[in-house]
Q: 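Before we start, here is the structure in question, set down as structure tokens.
In this chain, residues are counted from 1 in sequence order.
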Amino acid sequence: MAEKHWIVQLDGKSRILIFLHTNGPRVISFAVVLVSVLDGKESCITRYDTAHGQAHRDVLGMKGGLLEKQWLLDLTSNEAFDYALSDIKENYDNYITAYKKH
């Protein structure tokens with residue numbers, strides 16, 4: 001079993017923190033976390049993870065904290081990890097805007 005972690009820098013203020021636990025080619029667990037500096041403070045904007053035994057996205061708000069869990073029920077752990085990483089890379093600006101509103 002292998003554990004890896006790395007960072008993908010998106011722009012000057014935003015980055016993705018990635019934590020991945022695998023057994024050979026199979027993803028056992030993961031966290032893909034979007035963080036951004038807002039008003040001089042680093043904030044967790046949204047995250048995908050496998051807590052609670054199933055891959056999901058935690059939708060977060062600046063004022064409201066945890067707003068919703070979006071479950072990825074039809075995806076394997078490998079598919080969910082790939083989806084999480086590509087989704088945040090493609091939509092991070094939208095997630096930051098939504099986070100600020102809520």
Side-chain angles (χ1 to χ4, degrees):
M1 288 201 221
E3 292 185 27
K4 300 176 187 176
H5 60 330
W6 67 97
I7 297 171
V8 174
Q9 194 70 39
L10 298 169
D11 59 29
K13 293 185 176 187
S14 303
R15 58 194 175 132
I16 305 170
L17 309 177
I18 303 161
F19 304 90
L20 181 62
H21 182 211
T22 59
N23 185 1
R26 187 169 161 250
V27 172
I28 303 301
S29 62
F30 69 83
V32 178
V33 184
L34 173 61
V35 295
S36 189
V37 176
L38 302 174
D39 299 326
K41 178 180 148 192
E42 189 169 77
S43 299
C44 178
I45 305 300
T46 192
R47 69 182 161 262
Y48 284 92
D49 63 49
T50 53
H52 317 295
Q54 178 64 48
H56 64 279
R57 176 176 166 241
D58 289 327
V59 179
L60 306 172
M62 184 180 270
K63 299 172 196 149
L66 179 62
L67 303 174
E68 175 186 2
K69 287 192 182 292
Q70 296 176 342
W71 299 95
L72 304 177
L73 299 174
D74 296 332
L75 301 179
T76 67
S77 291
N78 288 58
E79 292 167 338
F81 173 75
D82 291 342
Y83 176 81
L85 190 53
S86 66
D87 180 53
I88 289 180
K89 283 180 180 178
E90 292 173 19
N91 296 299
Y92 77 94
D93 280 330
N94 295 332
Y95 291 149
I96 292 169
T97 299
Y99 175 84
K100 290 177 184 179
K101 289 180 183 178
H102 300 98

Q: Quick check for you: to the nearest 0.5 Å, what is the distance between Ile88 atom CD1 and Tyr95 atom OH?
A: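 The CD1 atom of Ile88 sits 7.0 Å away from the OH atom of Tyr95.
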Q: Could you tell me the separation between the OG atom of Ser14 and the CG atom of Leu38, rounded to the nearest 0.5 Å?
A: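 Atom-to-atom, Ser14:OG and Leu38:CG are 7.5 Å apart.
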Q: Quick one: pull up CG in Leu34 and CG in Leu60 and give me the separation to the nearest 0.5 Å.
A: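 One gets 9.5 Å once the value is rounded to the nearest 0.5 Å.
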Q: Any link between Ile45 and Val59 through a network of hydrophobic side chains (Ile, Leu, Val, Met, Phe, Trp, Tyr) touching at under 4.5 Å?
A: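 Different hydrophobic clusters.
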Q: Hey, what do you get for NE2 (His102) to CG (Leu66), rounding to the nearest 0.5 Å?
A: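 Rounded to the nearest 0.5 Å, the NE2-CG separation comes to 13.0 Å.
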Q: With a 4.5 Å limit on heavy-atom distance, are the side chains of Lys69 and Asp58 in contact?
A: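 Yes, at least one pair of side-chain atoms sits under 4.5 Å.
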Q: Quick one: does Trp6's side chain get under 4.5 Å of Leu20's, heavy atoms only?
A: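 Counting from C-beta outward, Trp6 and Leu20 do come under 4.5 Å.
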Q: His56: which residues meet the ring pair (Phe, Tyr, Trp, His ring centres under 6.0 Å) condition with it, sequence neighbours left out?
A: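 His52, Trp71.
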Q: Cluster partners of Val35, using ILVMFWY side-chain heavy atoms under 4.5 angstrom, listed by chain and number?
A: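 Under the 4.5 Å side-chain rule, Val35 groups with Ile7, Leu17, Phe19, Val33.
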Q: How long is the straight-line distance from OH of Tyr83 back to CZ of Arg57, given to the nearest 0.5 Å?
A: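 One gets 8.0 Å once the value is rounded to the nearest 0.5 Å.
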Q: Does anything in residues 70-86 pair up under salt bridge (charged side-chain N to carboxylate O under 4.0 Å, His left out), and if so which pairs, sequence neighbours excluded?
A: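 Matches after skipping sequence neighbours: none remain.
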Q: Under 4.5 Å between any side-chain heavy atoms of Ile18 and Phe30, yes or no?
A: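 In short, these two side chains do not touch, never coming nearer than 4.5 Å.
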Q: On a heavy-atom basis, which atom in Leu72 and which in Ala80 lie closest, and how many Å separate them?
A: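 Between these two residues, the closest heavy atoms are CD1-CB, 4.0 Å.
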Q: Roughly how far, to the nearest 0.5 Å, is the CG atom of Asp87 from the CD atom of Glu90?
A: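 Answer for the CD-CG pair, Glu90 versus Asp87, is 7.0 Å.
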Q: Which pair of heavy atoms, one from Ile16 and one from Leu10, lies closest together, and at what distance?
A: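 Minimum heavy-atom contact is CG1-CD1, 3.7 Å.
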Q: Just jot down the salt bridge (charged side-chain N to carboxylate O under 4.0 Å, His left out) partners of Asp49, sequence neighbours excluded, or say none.
A: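 For Asp49, the residues satisfying salt bridge (charged side-chain N to carboxylate O under 4.0 Å, His left out) (neighbours in sequence not counted) are Arg47.
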Q: Just checking Asp11: does its CG atom have more than 12 heavy atoms from other residues, nucleotides or ligands closer to it than 6.0 angstrom?
A: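 Yes, enclosed.
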Q: Return the minimal non-hydrogen interatomic distance between Ser36 and Ile96, and the atom names on each side.
A: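 Minimum heavy-atom separation between Ser36 and Ile96: OG-CD1, 3.8 Å.
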Q: What residues form a ring pair (Phe, Tyr, Trp, His ring centres under 6.0 Å) with Tyr99, not counting sequence neighbours?
A: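 Expected list: none.
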Q: Between Val27 and Ser77, what is the shortest heavy-atom contact and its length?
A: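 That would be O-CB, 3.3 Å.
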Q: Can you name the residues that form a salt bridge (charged side-chain N to carboxylate O under 4.0 Å, His left out) with Glu42, not counting sequence neighbours?
A: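 Result, salt bridge (charged side-chain N to carboxylate O under 4.0 Å, His left out) vs Glu42: Arg15.
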